[in-house]
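Read through the structure below, which is laid out as structure tokens, and then see the notes.
Residues take their numbers from the sequence shown, with the count starting at 1. Whatever order the structure lists them in is the order used to number ligands and atoms, beginning at 1.
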Amino acid sequence: MFAELREVEFISSFQDDLLEVEVLGEVGDEETQYPVHGLTIGSKDPSAPTLGLFAGVHGLEKVGTHVVLAYLKHLLTQMKWDQDLRTALSHCRICSIPLINPWGMDNFRRSNATGVDLMRNAPVEMDNTISRTFLVSGHRFSSVLPWYRGQEEGPMEKENQLVDEFVKKNIFQSKAALSIDFHSGFGMKDRLWYPYSKTKEPFPHHKQALTVARLLDETFAHHVYKVEQQSDSYTIMGDLWDYFYDESRKVLGEDSVYIPWTLEMGSWIWVKKNPMQLLNIDGLFNPVVSHRYDRTMRRHLLLIDFFFRMVRNNQVWIK
Ligand SMILES: [Zn+2]
């Protein structure tokens, strides 16, 4: 078993009555099947304010899974002695799938076993406010090429079906929910994106997203994140979070809000500072030098904690 899956199983074995772990299903190829774990921590009430943490959609981007696992381990350890935290968790919750594409991570592939880019596989099309980037925006030519969306007809890939069920069960009933999906690889900066990716038009909760961004600026004056609508930098078809946001609008009442965020950790800076990383496929998407790795972990744990507080104090941004 590879290191990240072993760590998921280790964290899943923590004993705490506020932790629930479920194997959502198995994915992989004919030779090897891998479990996909879903964790929930805190209140059992699905209408409670909820923070979702997701990672490992793209198998090469291990650092996202590392950040989420580091946070979950930190939280579960702190819960052993911090009664204030336990009290807070009695009326809110965190739900997480820290490793969505285990086959990809074990096989050093961005895609899943059938060659599909899971972040381009949802039934969402771009509108004509934006121009497509050939192949990169998503295509249906062939699974041999990267950024392949899968076939037009039929359900989403198994990994995405598991995420779909989990999100609908654990987030769509919440009165106030935020989620972060962790990626790495694009650009020099850490970009924190709110929807949409499919259009340049503002999404319906643009105002709420900007309030969260303003509070981040005010609370952490020296934070590193470039906060923007995803389509300002990166436009794709079939974005999973565009899809979940639109789906949530169909079932959530007027007073309930779910905003899915994406963190794209800018890994080009890691390569620039250490060009030897180019010799190693891992190094393109993950920080290699240990002080840089430690800094990456620390920085984003603070961000997750800020989002957790936003969920608990949702009255400040939800209106
Ligand atoms: Zn990615």
Could you report the tightest heavy-atom contact between Arg93 and Thr40, atom names first, then the distance?
NH2-CG2, 4.0 Å
Lys/Arg cation over aromatic Phe308: Arg312, 6.0 Å, 45° cone:
yes
For ND1 in His183 and OE2 in Glu61, the angle at the Zn ion (ligand 1) (nearest 10°) is 150°
Specify whether an N/O/S atom of Glu264 falls short of 2.8 Å from the Zn ion (ligand 1).
no
Output the atom name for the N/O/S atom of His58 with the smallest distance to the Zn ion (ligand 1).
ND1
Short N-O contact, Arg149 and Glu125, less than 4.0 angstrom
yes
Lys198: which of Asp246, Asp242, Asp127 passes salt bridge (charged side-chain N to carboxylate O under 4.0 Å, His left out)
Asp246
